[in-house]
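What follows is a short report on a single structure.
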Amino acid sequence: MKLLLIHSDFIEYEVKEKAIPQPEEITVKSGRLEEALTVFVAVEKVDEKAPVQAVKEAADAIVKMAEQLKVCNIMLYPYAHLSSSLASAKVGKEVLVNLEAELKTRGAYTIKRSPFGWYKAFTIKCKGHPLSELSREIVPTGEAKSSGEETESLKQERKLSSYWYILSENGTLQEIDAFNFQGHENLKKFAFYEKEKSRAVKQEPPHVKLMKSLEIADYEPASDAGNMRFYPKGRLMKSLLEEYVTERVIDYGGMEVETPIMYDMDHPTLSKYLARFPARQYQIESDKRKFFLRFAACFGQFLMAHDATISYKDLPLKLYELTRYSFRREQSGELTGLRRLRAFTMPDVHAMVSDMDMAMDEFVIRYNLCLSVLDNIGITTDDIEMALRTTKDFYEKNKAFMVGLAKKFGKPVLLEMWDERIFYFILKYEFNFVDTSDKASALSTDQIDIENGERYDITFTDKDGVRKHPYILHCSPSGAIERVIYALLEKEAIKISKGQKPMLPLWLSPTQVRFIPVTDEFLPDCERFNSELTMLSPYYVIRSDIDDREESVSKKIREAEKEWIPYIIVIGDRERSSGTVTPRCRLPELGGGEYTIAQFHEHVIARTRIYPQKKLPLPLYLSKRPKFTG
RNA sequence: GCCGCCGUAGCUUAGCCCGGUAGAGCGGCUGAUUUGUAAUCAGCAGGUCAGGGGUCCAAAUCCCUUCGGCGGCUCCA
């Protein structure tokens, strides 16, 4: 409901003609009120779901205003033009009548209401003081409340019937309280996350400063919270990660598709799904239709699969999309840096399978894919903790399978079991990164979903000619791309706190090699070495640049080190005459000693050839670059 | 979303408690310097002290409020 409140010297109207086929019946054709709070009212679609609540909340708002202004006359005035999403005339009329009645119970007010469904001439004199014109939007919480209570009870139910264990890689299953966490501190933090007492000094996660100082990402005050800006270096890193995950999924057999980012709230299949989780997504209006921004890639792929003709021979059928972006309106208090966002990039690969046997086979293939993807990105099993979630029944029937997953992981995992299935999936795992503030964030995940094949009416024709609903596996091989960057930065922050040198993985470092001339006399030599390095292969890219600024060599090296650049090469007389370079390598494992350019090229490529090859999206010369931060 | 803390130049910050013309370093610009592995020197420009309101002769400083950030709680399909 939309309200426009005007503190007026007087308000006066005169009924003219019918505006709708069946307007309210009237006997009095005009009205006037002095010293009145005039309330223009538009009853909207959202009010239809909870008209009683809408009336109550609107009355609250009006009374509050009347008290503030110390007025005792109130004129209710139906005004359709305040909204582009009006309720039906019937409900609109009812709500206004009820609102009038409700206000009469709230105190000694003189209430008048102009009739509904008529064109009226009106005159109003607005007082014009700061508080004299106000608008209010009432979204009745009745609907949301009842659904909220539903999910609340769902949650309660889950808590009551949820059991927590630690499953060791050797197959022993222990109650969480009985497990000895010695040597598994992060698993303990993860497992007891909710019970952890807050420490004396909690500070912001270190990646927030790093994402800014490395010119990766930053807050964008002009947008909503949790919608970040990415500078060229951050965009490059995201792009490399996105492309890497996509290539791995395509190798696995994923068919990459693209689907819309917004969907109709009234679509029959989607609205059922949405109703369970009210007020968690962005909504946008276009003409009279309401859309929500997708919070996952599922919809588009499921709707596509619904329309496809699928044979059992096509299974497992793997659809993939990398969403830029998915949107979730997470609670504002939960948004910090890149850990949790409201707009995020999410690779999402679904596999449709014929039965549970195929589901489990596929599950293992994808499990190995996830571990390999994270490992190659630079996040190993040392950095993550695993959670498995399933029903008691499934666990009992598939013990060996479950132990096999823990065994492959190589260390104990958290196992949550329910008496009966509560969610749409029967088995799920996640890999969680635990940061220095002891917060756990999920990266890779996969689930066996046994409901949505039916809900979306996705069918395949089986050997026997019968159409059946597939089970669907939902997997993100890396988790949100932004969260991967968060994890990588947090990992390096831990190194810094231990006095070690931080560095991004070589393949993700924006600048991999920096040339520094001893004096500007050697600038042409830098250019020569650089172009030789870049020309050696048309397929493999080494991202190099040249610090041509008029600064001391020491200062340039210091700044290159602050940028975490893996290889720094100073060019002077020695290099000019020998034709070889002696890179300053950031870490011992990056090599050392003297190289010809061809050798150095081979040396770097050997470490980056399995990854996407992308050029540096910045000017070659440092003198040509702006500072995006600091 | 709730509670608490914070917001001074592009960045990092002094000044705030106890009201009286806002200081610095980095970065930028200009000039000098031509440098061999973590900061060369000098000068100049740059501030509605987050926005709005209030108290006061006078507000960066005290009060209220909005916005943004952080921490905790909650939440995380």
Side-chain angles (χ1 to χ4, degrees), chain A residues 130-131 141 144 147-148 150-152 154-155 158 193-194 196-205 208-209 212-213 215 218-226 273-281 295-296 298 326 328-337 339-342 344 389 422-425 428 430 432 437-442 445 447 449 451-452 474 480 483 501 514-523 547 549-565 567-576 581-586 623 625-630:
Chain A
L131 272 176
T141 52
S147 322
E150 224 174 274
T151 54
E152 190 58 35
L154 209 72
K155 207 172 68 190
R158 176 183 165 183
Y193 186 48
E194 281 164 33
E196 277 290 292
K197 296 280 175 277
S198 64
R199 284 200 200 146
V201 186
K202 288 282 188 184
Q203 47 196 351
E204 72 169 16
V208 177
K209 282 209 168 63
K212 293 183 189 185
S213 62
E215 295 196 319
D218 212 336
Y219 297 112
E220 175 51 78
S223 184
D224 189 24
Y273 200 39
L274 269 178
R276 280 181 69 196
F277 305 104
R280 292 297 303 280
Q281 56 278 323
F295 44 88
C298 304
S326 286
R328 297 183 191 183
R329 280 193 39 90
E330 303 289 5
Q331 292 184 88
S332 56
E334 268 307 305
L335 306 166
T336 296
R339 183 163 55 204
R340 169 163 286 137
L341 298 173
R342 284 183 172 173
F344 55 96
R389 301 172 205 270
I422 297 158
F423 298 110
Y424 58 79
F425 54 84
K428 172 186 183 176
E430 318 120 27
N432 287 271
S437 356
D438 299 348
K439 293 247 186 192
S441 305
T445 176
Q447 319 166 349
D449 167 0
E451 275 183 9
N452 280 306
H474 301 238
R483 188 172 278 181
K501 271 192 186 179
R514 171 153 301 160
F515 289 100
I516 298 177
V518 171
T519 68
D520 54 13
E521 184 202 337
F522 295 98
L523 198 51
D547 192 345
R549 297 171 306 159
E550 289 192 39
E551 299 288 353
S552 68
V553 172
S554 293
K555 182 164 184 178
K556 290 179 185 177
I557 286 173
R558 176 181 154 80
E559 293 190 1
E561 295 284 4
K562 281 171 72 181
E563 262 187 76
W564 300 3
I565 290 172
Y567 297 103
I568 301 168
I569 301 177
V570 178
I571 300 294
D573 257 329
R574 291 205 291 270
E575 287 71 19
R576 178 185 282 177
V581 294
T582 311
R584 177 183 164 115
C585 303
R586 188 164 177 81
S623 67
R625 291 184 194 172
K627 286 201 160 43
F628 288 100
T629 61

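Keep in mind it's a predicted model, so treat the numbers as computed, not measured. Convention: sequence-line order gives letters A, B, ...; per-chain numbering from 1.
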Where each residue is assigned the nucleotide of RNA chain B containing its nearest heavy atom, which of A:R339 and A:R549 is assigned the position nearer the 5′ end?
-> A:R549
Would A:K627 and A:E215 pass as an ion pair if we require N to O under 4.0 Å?
-> no
For A:V518, report the nucleic acid contact type (base, sugar-phosphate, nothing); a contact means any heavy atom under 4.0 Å.
-> base
Please report, rounded to the nearest Å, how far the P atom of B:C11 is from the CG atom of A:D218.
-> 9 Å
Listed nucleotide nearest any side-chain atom of A:K501, set B:G36, B:A77, B:A38 = B:A38
To the nearest angstrom, the CD-P distance between A:E430 and B:A77 comes to 8 Å
Check ion pair A:R339-A:E204 (N to O, under 4.0 angstrom) | no
When both distances are under 3.5 Å in a Watson-Crick or G-U wobble arrangement, the nucleotide paired with B:A22 is none
B:U35 P sits how many Å from A:L523 CG, rounded?
-> 16 Å
When both distances are under 3.5 Å in a Watson-Crick or G-U wobble arrangement, the nucleotide paired with B:C62 is B:G54
For B:C29, the Watson-Crick or wobble partner whose two distances fall under 3.5 Å = B:G43
Consider the side chain of A:E575, meaning its heavy atoms from C-beta on, and name the nucleotide among B:G36, B:G28, B:U37 that approaches it most closely.
-> B:G36
For B:G52 versus B:A60, give the span between their C1' atoms, rounded off to a whole number of Å.
-> 16 Å
Might you work through the side-chain contact (heavy atoms from CB on, under 4.5 Å) test for A:E551 and A:E559, ending with a clear yes or no?
-> CA-CA 11 Å; A:E551 299 288 353; A:E559 293 190 1; over 6 Å; no
Within less than 4.0 Å of OP1 or OP2 of B:A38, is there a side-chain N or O belonging to A:R584?
-> yes
Name the closest nucleotide to the A:K555 side chain, picking from B:G27, B:G1, B:U37.
-> B:G27
Go through the side-chain N and O atoms of A:Q447 and A:D449 and say whether any donor and acceptor fall under 3.5 Å apart.
-> no
To the nearest angstrom, the CD-C1' distance between A:Q331 and B:A77 comes to 14 Å
Which nucleotide, B:A39, B:A38, B:U34, lies nearest any side-chain atom of A:E550?
-> B:U34
Check: A:G226 main-chain N/O paired with A:Y219 side-chain donor or acceptor under 3.5 Å = no
Rounded C1' spacing from B:U13 to B:C29 in Å | 22 Å
Decide if atom NZ of A:K501 counts as having more than 12 heavy atoms of other residues, nucleotides or ligands within a radius under 6.0 Å.
-> yes
For A:L335, which contact category applies under a 4.0 Å heavy-atom criterion: base, sugar-phosphate, or nothing?
-> sugar-phosphate
Residue-phosphate contact under 4.0 Å: A:T336 side-chain N/O, B:G71 OP1/OP2 | yes
Find which nucleotide of RNA chain B each of A:K562 and A:S332 is nearest to by heavy atoms, and output the residue with the more 5' nucleotide.
-> A:S332
For nucleotides B:A14 and B:C2, find the distance between their C1' atoms and express it as a whole number of Å.
-> 34 Å
C1' atom, B:C75 versus B:C18: distance in rounded Å?
-> 44 Å
Starting from C1' on B:U33, measure out to NZ on A:K556 and report it in whole angstrom.
-> 13 Å
Among B:A77, B:G69, B:C70, the one nearest any side-chain atom of A:A225 is B:G69
Spacing between A:E551 atom CD and B:U30 atom C1', to the nearest angstrom = 14 Å
What nucleic acid atoms does A:P205 come within less than 4.0 Å of, heavy atoms only: base, sugar-phosphate, or nothing?
-> sugar-phosphate
Nearest to the side chain of A:Y219, which nucleotide is it out of B:A38, B:A77, B:C70?
-> B:C70
Interatomic distance at C1', B:A58 relative to B:A39, whole Å = 43 Å
Which base sits across from B:C70 as a Watson-Crick or G-U pair, both distances under 3.5 Å?
-> B:G4
N/O donor-acceptor pair, side chain A:E559 with base B:G27, under 3.5 angstrom = no
Between B:G43 and B:A59 - P atom distance, rounded Å | 35 Å
Using whole Å, report how far CZ of A:R328 lies from C1' of B:G1.
-> 18 Å
Regarding the side chain of A:S554, the nearest nucleotide among B:A39, B:G36, B:U34 is B:A39
Could you tell me whether A:S441 contacts a base, only the sugar-phosphate backbone, or nothing, with contacts defined as non-hydrogen atoms closer than 4.0 Å?
-> nothing
Judged by atom type as modelled, is there a donor-acceptor pair below 3.5 Å linking the side chain of A:R328 to the main-chain atoms of A:R342?
-> no
A:K556 side chain to A:V570 backbone, donor-acceptor under 3.5 Å = no
Return the value, rounded to whole Å, for the distance between atom CD of A:E204 and atom P of B:U12.
-> 10 Å
Using the C1' atoms only, state how far B:A9 lies from B:U48, rounded to an integer number of Å.
-> 13 Å
Quantified in whole Å, what is the C1' atom distance between nucleotide B:G47 and nucleotide B:U21?
-> 14 Å
